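Every heavy atom of this structure was used, including side-chain atoms; hydrogens, water molecules and symmetry mates were not. As the structure is a computational prediction, the values presented were derived from the model and not from experiment. Remember, it's 1-based here, ligands and their atoms both numbered in the order they're listed.
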Amino acid sequence: MNELQIKFASISLEPMENKSKLPIIIQGGMGVGVSSWQLASSVSQLNQLGVVSGTGLNTVLIRNLQDGDQGGQMRRALAHFPDQAVVKSILQTYFNPEGRKKNGTYKLSPLPSLAPNTLFQHLSVLGSFVEVFLAKEGHSGIVGINFLEKLQTSNLSGIYGAMLAKVDYILMGAGIPREIPGVIDHFTKNEAASLRVTLSEARSGSPEILTTFNPQHVFPDLTFPALKKPKFLAIISSSTLATHLARKTVGTIDGFVVEASSAGGHNAPPRGVLRLNEKGEPIYGEKDHADLNTIKALGLPFWLAGSFGSHEKLLEAQATGAVGIQVGTAFAFCEESGISEKWKKATIAKWATPNEPSHDLVFTDPSASPTDFPFKVAPLVGTLSDPQLYTERPRKCDLGYLRQITADATGKIVYRCPSEPIHGYLKKGGKEEDTKDRKCLCNALMANIGIGQTQANDYHELPLITAGDDLIHIQKYIKPNHHSYRAQDVISYLLGDR
Ligand SMILES: Cc1cc2nc3c(=O)[nH]c(=O)nc-3n(C[C@H](O)[C@H](O)[C@H](O)COP(=O)(O)O)c2cc1C
């Protein structure tokens with residue numbers, strides 16, 4: 001056992017198990033595919049919590065298969081999936097041993113919806129099974145998977161797939177994940193579980209809408225054994241939400257990640273009326289700081305996130321009563337992360353060069369995401385952060401993870417995305433002002449990890465890099481005379497070992 005492996009928090013907090021061993025560092029779940037199985041595996045083998053992103057894994061799986069599954073890892077993991085008839089049919093549909101033709105268009109998955117078809121559910125279960133299986137393969141470290149609560153139409157199948165692969169932790173943010181611990185309890189017994197879906201612009205008296213995943217219907221030929229119950233951590237940014245979840249959740253919450261607005265990816269919107277600073281970013285105030293004393297008083301373990309990427313910040317977090325920290329930005333650009341080499345290099349070249357004139361800060365964009373959440377954008381040449389390139393992209397919605405679900409005047413369910421073609425969005429009752437500056441995160445985030453679509457009109461989907469404010473400190477993880485760094489470098493730095 002090396003020194004890093006000994007560095008575990010050993011605490012006894014009720015109502016956690018006695019002397020639970022909790023990781024000091026959680027490597028944040030970063031979608032799509034940034035928190036890859038390779039990254040989570042490395043972190044987990046260093047005895048911290050390695051987390052894979054649970055977002056869009058149906059698409060990640062089938063695009064890797066269409067690219068020939070270089071290295072064979074997808075197929076190796078699939079060979080361990082309990083239902084080999086389903087695996088065979090997926091491979092027949094999507095696996096291409098020669099890989100795609102240059103500039104070939106990827107075959108798509110069915111879109112997520114309230115009542116997704118069986119193929120979507122198979123792909124979603126298999127996608128997270130594969131990612132967790134590979135992250136856990138060959139060692140005994142712990143692995144988590146991260147979901148966004150807002151993606152309600154794909155979370156149930158994703159959670160079930162991760163549990164089939166014996167995931168140790170489920171983490172969820174970007175919403176109020178009150179029902180998830182109850183879902184986990186049902187899935188341990190392979191029972192159906194449902195989620196109440198929040199309709200966008202729901203009127204009072206709107207009917208309750210449920211989405212359900214029933215393992216017995218989706219895999220009728222199988223009898224599954226009871227599944228291990230993973231721990232559940234809610235990612236929150238206010239003590240009010242933490243208190244609400246601790247009191248009102250059906251099932252058990254095992255802890256909180258308290259994320260500040262400087263973190264990469266989506267950020268919780270500021271409280272109250274949205275006000276922008278002179279650069280056009282949301283203004284956060286005192287009210288947006290989580291009250292850590294209130295959170296501590298709940299008696300559950302918690303970790304702090306958002307610009308905690310140093311040993312000093314780790315100690316600062318622990319001094320507040322936190323077990324440790326969740327870090328994303330530092331891991332996002334290390335060798336093992338899923339971001340493609342080209343964009344990793346470009347990001348490191350720009351932000352790790354001291355006194356680089358173009359060393360500008362990350363922009364908290366209030367409109368980039370089709371959700372109402374601000375989204376951090378790292379401005380980089382050749383990506384959709386360039387207004388010209390953004391304008392040139394023909395709008396198209398063909399992945400659909402972030403679609404809003406709403407009901408029209410007759411009560412019919414409608415799916416729409418503010419980033420889709422504007423005329424279509426307006427026809428579905430959307431407002432024109434809501435489409436302004438919206439970016440197709442679904443396609444851009446796939447492009448970030450090297451599996452961007454070539455659309456039928458020969459348009460190549462472009463990336464949009466996200467990172468937290470900590471990006472300006474990225475140089476500290478890179479050893480002298482190196483141009484890249486590994487997850488181990490980040491962990492050593494965070495633990496104060498170098
Ligand atoms: C590239 C990137 C993508 C992210 N994507 C997600 C995501 O999909 N879901 C999520 O809950 N958090 C996401 N995050 C937030 C991280 O999980 C983590 O909480 C955060 O990065 C911690 O703050 P830091 O960026 O200052 O280290 C993302 C962060 C980064 C940098």
Novice: State plainly whether the residues K229 and D185 are in salt-bridge range, i.e. N to O under 4.0 Å.
Specialist: yes

Novice: Can you tell me how far apart CD1 (I180) and CD1 (I159) are? Round to the nearest 0.5 Å.
Specialist: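 Between atom CD1 of I180 and atom CD1 of I159 there are 4.0 Å.
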
Novice: Which residue supplies the protein heavy atom nearest to atom 12 (N) of ligand 1, what is that atom called, and how far is it?
Specialist: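 For this ligand atom, the closest protein heavy atom is G29 O, 3.3 Å.
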
Novice: Have a look at E259, K150, M172 and point out the one with the heavy atom closest to atom 19 (O) of ligand 1.
Specialist: E259

Novice: With a 4.0 Å heavy-atom cut-off (strictly under), which part of I339 contacts ligand 1: side chain, backbone, both or neither?
Specialist: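 It is neither part, as no heavy atom is under 4.0 Å.
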
Novice: Who gets closest to atom 5 (N) of ligand 1 by heavy atom: G28, G31, G306, A305?
Specialist: G31

Novice: Taking distance alone, with N or O pairs closer than 3.5 Å, would you say T55 contacts ligand 1?
Specialist: no

Novice: Do T364 and K376 pair up side chain to side chain, a donor and an acceptor below 3.5 Å, judged on atom types alone?
Specialist: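 T364 vs K376: donor-acceptor pair found between side chains.
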
Novice: Under a 4.0 Å heavy-atom limit, does L148 contact ligand 1 with its side chain, its backbone, both, or neither?
Specialist: side chain

Novice: Looking at E336 and R486, is there a salt bridge between them, counting it only when a charged N and a carboxylate O are closer than 4.0 Å?
Specialist: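 Looking at E336 together with R486, the answer is yes, because their closest N to O distance falls below 4.0 Å.
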
Novice: Of all the non-hydrogen atoms in the protein, which one sits nearest to atom 3 (C) of ligand 1, and at what distance?
Specialist: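 Looking at atom 3 (C) of ligand 1, the protein heavy atom closest to it is M30 CB, 3.3 Å.
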
Novice: Select the closest option to atom 1 (C) of ligand 1 among T466, I26, D470, judged by heavy-atom distance.
Specialist: T466

Novice: Evaluating non-hydrogen atoms only, which member of S262, G264, G328 is closest to atom 14 (N) of ligand 1?
Specialist: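 It is G264 that holds the nearest heavy atom.
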
Novice: Relative to the ring of F187, is the ring of Y160 parallel (under 30°), tilted (30 to 60°) or perpendicular (over 60°)?
Specialist: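 Aromatic pair Y160/F187 classed perpendicular.
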
Novice: Any cation-pi pair here, K313 with F308, using under 6.0 Å and within 45°?
Specialist: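 Verdict for F308: a cation-pi partner in K313.
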
Novice: Assess whether a salt bridge exists between E420 and K396, defined as any Lys/Arg side-chain N lying under 4.0 Å from an Asp/Glu carboxylate O.
Specialist: no

Novice: Does the residue A330 have a heavy-atom contact with ligand 1, meaning some pair of atoms that are separated by less than 4.0 Å?
Specialist: no

